[in-house]
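Take a look at the structure below.
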Amino acid sequence: MTENTDTSADNAGEFRPEARSPRGFADKRAHEIAIERRLIANVSKVYEDFGFEALQTPAFEYADALGKFLPDADRPNVGVFAQQDDDEQWMALRYDHTAPLARFASQNWDGLPKPFRRYAFGPVWRNEKPGPGRLREFMQCDADTVGTDRPEADAEIIALAVAGFKANDLPTVLKINNRKLLNGLLSSLGVSTPAQQLGVLRAIDKLDRLGLEGVQLLLGAGRKDESGDFTKGAGLNDAAAAAVLSFVAAGRTSEGTQADRTTVLNNLAAVLDNSPEGQAGLEDLSRISTALNGLGVDESQAIFDPSIVRGLEYYTGPVFEAELLLETRDEKGRPVAFGSVGGGGRYDDLVARFTGQQVPATGFSFGVSRLAAALALAETGAIKPVRGPVVIIAFSESDMGDYFKLAAEIRAAGIPAEVYLGRSGMKAQMKYADRRFSPAAVMLGGDELANGTVTIKDLDLGRELASQISDNKEWREGRPGQVTLPRSEAIAHLRKITQTA
RNA sequence: GCCGUCUUAGCUCAAUUGGUAGAGCGCCAGAUUGUGGCUCUGGAGGUAGCUGGUUCGAAACCAGCAGACGGUACCA
C-alpha cells in the first residue's frame, strides 16, 4: 500500500477537486482505442485504394471559416466550442471535417490537382446535449471530392462508403436521396416560404421513427407526443400533405417492402412529373444507379429512400445516410438503436463562401466513435481485453538488473514484456499479471539465477486448469502451466505461449 | 432548448410516519514466508450531488443549482 493516507495535509478549507470528466467527454481504454484504430486503418486503406490522399487540418479554425454562419432559419449560434484568440478573433473547434476542407481547398485552390480528392480522420467537437452513443468529442473519417459536379462522383463516394463498411464487416445499408427531389416536390406544391419548407423536410425526416401517421400530423396542424409535448406542424392542406406522403411512400413496393432502385425512380417520376427540378434530381439518381451497377454496389447495400433529408439548407444534391443493421443491446439487455453511423452528400455552395466561385463537392463521413461504441456493445459477453505484456516477477532489490536484462531479451524477440515495478509481494505480482491479461509470468528468483534457469508460467493454461481444481493446496503446489527450463530456452518457450495467446 | 424521473461506499442497491447509514460485489491483507482461481477470516472505504431553508433533530421535507437517465426538439 503506497497510497497517501497521511491526513496532515487534509486541512480544513483546502480545495479538493472532484475527479470527473466533463459532460459528454469520455475516457477511452485500450480495448476501445484498439477498435477505433482498426476502424480508421481499414477505412483509410479503402479511401487510399480509391485514390484519395490524406489531409490533416488543425482542430481550431476561425469561426467565420467554419461555416457556423450558414443560414439556418431557426438555429441560433450555438453548438460549437469557441474562444477568442489574443487578437480577439473568434476561433472554434471544428465540428466536422467538411468545413475545414472547404477552407483548405479555397486557400490552396490554384495549387491543387482538380478534382481534389482527400480523406481525413480525427476528433471533432460539438457543444450540445450528449446522450448514449453521442458525445461532445468524437471521431470521424471523411472522404470528399471537390471540383466536379458529375453524379458519378457521388456514386463513387457511395461505393467508397459501402466498401468502408464492408472492410470492417459491418452490416449496413446506405440510403440515398436527392435534395433536388424534395425541392421539386415543395415548389410543385407551392410551398415557398422557408419556414414551411423546413417544416415539411423535418416531418419527412421523422418517418422512420414516427411512421406515416406521425408524419401526416406533422405535415398538417401538428403532433402531440406521449410526454404531452406539442410539435407545431408545417400547416399543409390535405391535398399537399397527401402528395408528400405519396412521395415518401415511393421508396416502398405495394407490399411495403423496400423497392429496388429502378422501381423507386419510376415511382418518383410519376409523383414529380410536373417539376423540372424534380426531374433533374431523378436524372442524377438514374446516373448514380448506373454507376453503382458498374461499381458493383448491389441493391442490398445501397438503396433509394425518399425520406432521407439530412443537413437542412446545407446539402444541395444527392444525400446519403448509412444505417447500421447490427443488433445491439445495452448491459440490461434492452435493444439499442444506433441510427445513423455515417452520412454525407453533395454540397455545391460551401467553397463559394470563400471564393465566390461555385465549386461543386461531395463527400461522406464515417462515424468512427459511434461505430466503435456499437461494436463494443455488440461484443458484450465476448469482450476481449487487450493482452498485457509478459510480466517478470521482481523478487529481490539486488537482482533488478537481471530482470531488466531478461526483459530486454524478450522485447528483442518481439514480445511485449515488463518488469514488475511495484513493491508488493509475489502473490500480488501474479495477480497483477492476471489482471493485465498477460500470457505469461516469468520468474527469475534466487534459485533460477543460481542454476542458470528461468521459470515460466503459462497464465492461460493455468487459468484453464484452475477450473478443474478446487483444492487450494493442489492448485498452488501443482503449479499448473508452469515449467522451469534452461535460460537459453526461455525465449523459444515464451514464443510458443504468446503465439497461441 | 423544453417536459418528466432520478442522484446514498469504487459498482449495484437497501434502511417503519424525519431520530444520526447498511448489504452484495469489488478493493486491500491474512490463512498460504516463491505463485493468479476457489474457500474462510479480517480490514480500508461515505462532507448522503452541491448550496441554502424548515426542524430539537434531515439521506428523507422545501427551494435553487449541477449531474445522470428517458421523451421531445435540433443535428453541420
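Chain identifiers are assigned alphabetically (A, B, ...) following the order of the sequence lines, protein sequences preceding nucleic acid strands; residue numbering begins at 1 within each chain.
With C1' as the reference atom, C13(B) and U7(B) are 13 Å apart, rounded to whole Å. Across the P atoms, A15(B) and C56(B) are found 28 Å apart, a figure rounded to whole Å. For the P atoms, the distance linking A14(B) with C61(B) amounts to 15 Å, nearest Å. Using atom P as the reference point in both G71(B) and C62(B), the two lie 27 Å apart (nearest Å). Here the separation of U33(B) from A23(B), taken at their P atoms, is 30 Å to the nearest Å. Comparing the same atom, P, in G46(B) and in U72(B) gives a spacing of 41 Å after rounding to whole Å. A73(B) and A63(B) have their C1' atoms separated by 28 Å, with the value rounded to a whole Å. For the C1' atoms, the distance linking G10(B) with A44(B) amounts to 12 Å, nearest Å.
Ile204(A) places its CD1 atom 13 Å from the P atom of C74(B), with the value rounded to the nearest Å. Atoms CE (Met426(A)) and P (U32(B)) sit 17 Å apart, rounded to a whole Å. For the pair Arg423(A) CZ and A29(B) P, the computed distance is 15 Å after rounding to whole Å. Rounding to whole angstrom units, CZ of residue Arg479(A) and C1' of G34(B) are separated by 7 Å. Spacing between atom CD of Glu137(A) and atom P of A76(B) amounts to 20 Å, rounded to whole angstrom units. Atom C1' of nucleotide C2(B) and atom CZ of Arg223(A) are separated by 15 Å, given to the nearest angstrom. The CG atom of Leu198(A) sits 12 Å away from the P atom of A76(B) (whole-angstrom rounding). Atom CG in Leu444(A) sits about 17 Å away from atom P in G34(B), given to the nearest Å.
Out of C28(B), G34(B), A73(B), the shortest distance to the side chain of Glu448(A) is found at G34(B). In the set U35(B), C28(B), U72(B), the nucleotide with an atom closest to the side chain of Lys431(A) is C28(B). Closest to the side chain of Tyr95(A), out of C28(B), A76(B), A29(B), is A76(B). Residue Arg463(A) has its side chain nearest to G36(B) when only C28(B), U72(B), G36(B) are considered. Closest approach to the Met443(A) side chain among G34(B), G36(B), A76(B) is made by G34(B) (side chain taken as heavy atoms from C-beta onward). Closest approach to the Asp96(A) side chain among A73(B), A76(B), U35(B) is made by A76(B) (side chain taken as heavy atoms from C-beta onward). The side chain of Tyr314(A) lies closest to A76(B) when the candidates are U35(B), A29(B), A76(B).
Residue contacts shown for Asp142(A) are absent, as no nucleic acid heavy atom lies under 4.0 Å away. Across all strands shown, Gly425(A) has no heavy atoms under 4.0 Å from either base or sugar-phosphate atoms. Among the atoms of the strands shown, base atoms are found under 4.0 Å from some heavy atom of Lys457(A). At a threshold of 4.0 angstrom between heavy atoms, the contacts of Glu474(A) with the nucleic acid are absent. Here Glu477(A) lies out of heavy-atom contact (under 4.0 Å) with every strand.
Of the nucleotides present, none pairs with A21(B) by Watson-Crick or G-U wobble criteria with both distances under 3.5 Å. Summarising the base pairing, U33(B) is matched to no nucleotide, lacking a Watson-Crick or G-U wobble pair whose two defining distances lie under 3.5 Å. Of all nucleotides present, none satisfies the Watson-Crick or G-U wobble test against G26(B) with each distance under 3.5 Å. The pairing partner recorded for U55(B) is none, the criterion being a Watson-Crick or G-U wobble arrangement whose two distances lie under 3.5 angstrom. Searching all strands for a Watson-Crick or G-U wobble partner of C75(B) with both distances below 3.5 Å returns nothing. Pair assignment for C38(B) gives none, since no Watson-Crick or G-U wobble pairing has each distance under 3.5 Å. Across the strands present, G4(B) finds its partner in C69(B); the criterion is a Watson-Crick or G-U wobble pair with both atom distances under 3.5 angstrom.
Ring geometry for Tyr432(A) against Tyr420(A) counts as perpendicular: the plane angle is over 60°, on a 0 to 90° scale with 30° as the lower cut. The aromatic rings of Phe320(A) and Phe364(A) lie tilted to each other, with the angle between the two planes from 30° to 60°. Ring-plane geometry between Tyr119(A) and Phe121(A) is classed as parallel, the angle between the planes falling under 30 degrees on a 0 to 90 degree scale with a further cut at 60.
Residues Asp348(A) and Gln358(A) bring no donor and acceptor atom of their side chains to less than 3.5 Å of each other.
Side-chain atoms of Asp434(A) and base atoms of G37(B) include no donor and acceptor less than 3.5 Å apart. The base of U35(B) lies outside donor-acceptor range of the side chain of Gln429(A), with no N or O pair under 3.5 Å. Taking 3.5 Å as the limit, the base of U35(B) and the side chain of Arg476(A) contain no donor-acceptor pair of atoms between them. Side chain Asn472(A) to base U39(B): no donor-acceptor pair is found below 3.5 Å. Side-chain atoms of Glu128(A) and base atoms of G1(B) include no donor and acceptor less than 3.5 Å apart.
Going from atom CG of Leu174(A) over to atom CD1 of Ile303(A) covers 9.0 Å, rounded to the nearest 0.5 Å. For the atom pair Gln107(A) CD and Arg103(A) CZ, the distance stands at 4.5 Å (nearest 0.5 Å).
Each of Gly446(A) and Ala466(A) was matched to the nucleotide of RNA chain B holding its nearest heavy atom; the match closer to the 5' end belongs to Gly446(A).
The phosphate of G36(B) has OP1 or OP2 within less than 4.0 Å of a side-chain N or O from Lys427(A). Put simply, Arg94(A) has no side-chain N or O that comes within less than 4.0 Å of OP1 or OP2 on A76(B). In this model, the phosphate group of U35(B) is not approached by any side-chain N or O of Trp475(A) to a distance below 4.0 Å at OP1 or OP2. At least one side-chain nitrogen or oxygen of Lys206(A) sits closer than 4.0 Å to the OP1 or OP2 atom of C74(B). Regarding contacts with the backbone of C74(B), every side-chain N or O of Arg126(A) stays at 4.0 angstrom or more from both OP1 and OP2. Between Arg209(A) and G71(B) there is no side-chain polar atom (N or O) within less than 4.0 angstrom of OP1 or OP2.
The number of heavy atoms from other shown groups lying within 6.0 Å of CD (Glu489(A)) is above 12.
In summary, Asp144(A) and Arg346(A) do not engage in a salt bridge, as defined by a charged side-chain N under 4.0 Å from a carboxylate O.
A donor-acceptor pair under 3.5 Å is absent between the side-chain atoms of Arg435(A) and the main chain of Met430(A), judged by distance alone.
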